[in-house]
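Working notes, beginning with the structure itself.
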Amino acid sequence: MADKDDFLQLIKRFGAFLTVKISNLLDSLDSRSVGAIAGLAFAVVFTWRLWRSPSGPQRRLPKRQAATSSSSGVRNHSSTNVATSGVTPSSDDSNAQNVIDEFFQPVKPTLGQIVRQRLSEGRKVTCRLLGVILEETNPEELQQQATVRSSVLEVLLEITKFCDLYLMERVLDDESERKVLLALENAGVFTSGGLVKDKVLFCSSEIGRTSFVRQLEPDWHIDTNPEITFQLARFIKYQLHVSATKPERTAINVFNSTSLEQFFGSV
């Protein structure tokens, strides 16, 4: 009877433990992978099988035979009380709880998962080149050189995996276009299959870039020009304004970040 009571007590304790874990999981489900749920199921099965194994719950310590001396009898009586008062802690119980705790550890999402989540599953994205993808910040610099920012490459390639991405920029001459395309090609932007040269657009004015965006009707537009961002806020669902400072005028559907990679938490 005592063994049964001990086992029931263990079941109750484990039930309370799972209740807390499930509550914590539901409260922060958006930041954990589905694997945590599978871990819960595995933990339940693992623990149930552990308790059903021949070793089972830790049994009571056997009563020691009474000694002939009165002092030995006192010690035996005390040992018996300890043995019958509850379940003796065991390494098996500790190991089982450690295994369960490991399954409930937060799982860090991949960069691809973060990109999809931050873009709200948007399928079409337009993005300017200067100051976002390129180190250069004005068209005059592009006449000398074009340099792809190495820190943005990983995020850019993740976007091309599931988004229809268009890159665009204002340039002053055909040579600047050639330099930009060559820089993107050397950086491996076109090798992933998600972006082709035909989706890199060039214009001669800021108004031209605005027209490109409106014609393409993307889910997201990424830009560094606060005026263009403000003008497009009525027409584009979401925008990301990349700048070290927040613009004076902004809309509720415009996000701000110091860089594209910082927005997705990859730096």
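Counting only distance, with no hydrogens or angles, the side chain of Trp220 and the backbone of Gly122 share no donor-acceptor pair below 3.5 Å. A donor-acceptor distance shorter than 3.5 angstrom exists from the side chain of Thr191 to the backbone of Gly188, with no hydrogens or angles considered.
Residues Leu165 and Leu153 share a single hydrophobic cluster, defined by chaining ILVMFWY side chains whose heavy atoms lie under 4.5 Å apart. Neither Leu167 nor Val213 shares a network with the other; the hydrophobic side chains, linked directly or stepwise wherever heavy atoms of I, L, V, M, F, W or Y lie under 4.5 Å apart, form separate groups for each. In the hydrophobic cluster analysis, where Ile, Leu, Val, Met, Phe, Trp and Tyr join through side-chain heavy atoms closer than 4.5 angstrom, Tyr166 is grouped apart from Val115. Both Val125 and Phe264 are members of a single hydrophobic cluster when ILVMFWY side chains are connected at heavy-atom separations under 4.5 Å. Hydrophobic clustering, with ILVMFWY side chains joined whenever heavy atoms are under 4.5 angstrom apart, groups Leu260 together with Leu195.
Between Leu184 and Val148 there is a side-chain heavy-atom pair separated by less than 4.5 Å. Taking the side chain as every heavy atom from C-beta outward, Leu240 and Val132 never approach each other to under 4.5 Å. The shortest distance between side-chain heavy atoms of Ser243 and Asn256 does not fall below 4.5 Å. Between Gln239 and Leu232, some side-chain heavy-atom pair lies under the 4.5 Å cut-off. Contact of the Thr210 side chain with the Phe235 side chain is not registered, since no non-hydrogen atoms from C-beta on lie closer than 4.5 Å. Proximity of Phe263 to Ile222: side-chain heavy atoms (C-beta onward) are nowhere separated by under 4.5 Å. Put simply, the side chain of Ile133 reaches to within 4.5 Å of the side chain of Cys127, judged on heavy atoms. Side-chain contact between Leu216 and Met168 is present, with at least one heavy-atom pair separated by less than 4.5 Å.
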**OP:** For side-chain contact (heavy atoms from CB on, under 4.5 Å), just list the numbers for Leu201 and Thr126, CA-CA rounded to whole Å, side-chain angles, deciding distance to a tenth of an Å, and then say yes or no.
**Re:** CA-CA 10 Å; Leu201 311 176; Thr126 55; over 6 Å; no
Subject >> Worked verdict on Gln144 versus Glu136 for side-chain contact (heavy atoms from CB on, under 4.5 Å) >> reply: CA-CA 10 Å; Gln144 302 300 321; Glu136 292 72 28; over 6 Å; no
**OP:** Check the pair Lys199 / Asp164 against side-chain contact (heavy atoms from CB on, under 4.5 Å), numbers first and verdict last.
**Re:** CA-CA 9 Å; Lys199 292 184 179 180; Asp164 189 14; 2.4 Å; yes
Original post:
How far apart are the C-alpha atoms of Leu130 and Thr224, what are their side-chain angles, what is the distance that settles it, and do they pass the side-chain contact (heavy atoms from CB on, under 4.5 Å) test?
Top reply: CA-CA 8 Å; Leu130 287 173; Thr224 61; 5.8 Å; no
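For Glu140, the CD atom is densely surrounded, since the number of other residues' heavy atoms within 6.0 Å is greater than 12. Residue Tyr238 qualifies as open at atom OH: its count of foreign heavy atoms under 6.0 Å is 12 or below. Other residues, nucleotides and ligands place more than 12 heavy atoms under 6.0 Å from the CZ atom of Arg149. More than 12 heavy atoms of other residues, nucleotides or ligands shown are found within 6.0 angstrom of CG on Leu182.
Atom OG1 of residue Thr258 and atom CD of residue Glu261 lie 7.5 Å apart, to the nearest 0.5 angstrom. To the nearest 0.5 Å, atom CZ of residue Phe202 and atom CZ of residue Arg178 are 11.5 Å apart. Atom CZ of Arg116 is separated from atom CZ of Arg123 by 9.0 Å, given to the nearest 0.5 angstrom. Here the OG atom belonging to Ser150 is positioned 7.0 Å from the CD atom belonging to Glu135, to the nearest 0.5 angstrom. In this structure, the separation between OG on Ser176 and CD on Gln145 is 11.5 Å, given to the nearest 0.5 Å. Taken from CD in Glu206 to CZ in Arg128, the straight-line distance is 5.5 Å, to the nearest 0.5 Å.
Listed here is the closest heavy atom pair of Asn225 and Arg209: CB-NH2, 3.8 Å. Looking at every heavy atom in both residues, Ala183 comes nearest to Ala146 through CB-O, 3.3 Å. Residues Lys179 and Leu142 share a closest heavy-atom pair of CD-O, 3.3 Å. Scanning both residues, Pro139 and Leu172, for their nearest heavy atoms gives CB-CG, 3.8 Å. Shortest non-hydrogen contact noted between Leu181 and Phe190 is O-CE1, 3.8 Å. Summarising the geometry of Cys203 relative to Gly208, their closest heavy-atom pair is SG-C, 3.9 Å, with the distance given to 0.1 Å.
Using modelled atom types and a 3.5 Å distance limit, the side chains of Asp173 and Gln143 yield a donor-acceptor pair. At a cut-off of 3.5 Å, with distance as the only test, a side-chain donor of Thr137 or Glu141 sits close to an acceptor on the other residue.
Looking at Lys237 and Asp219, no side-chain N of the basic residue comes within less than 4.0 Å of a carboxylate O on the acidic one, giving no salt bridge. Using a 4.0 Å cut-off between charged nitrogen and carboxylate oxygen, Lys124 and Glu217 do not count as a salt-bridge pair.
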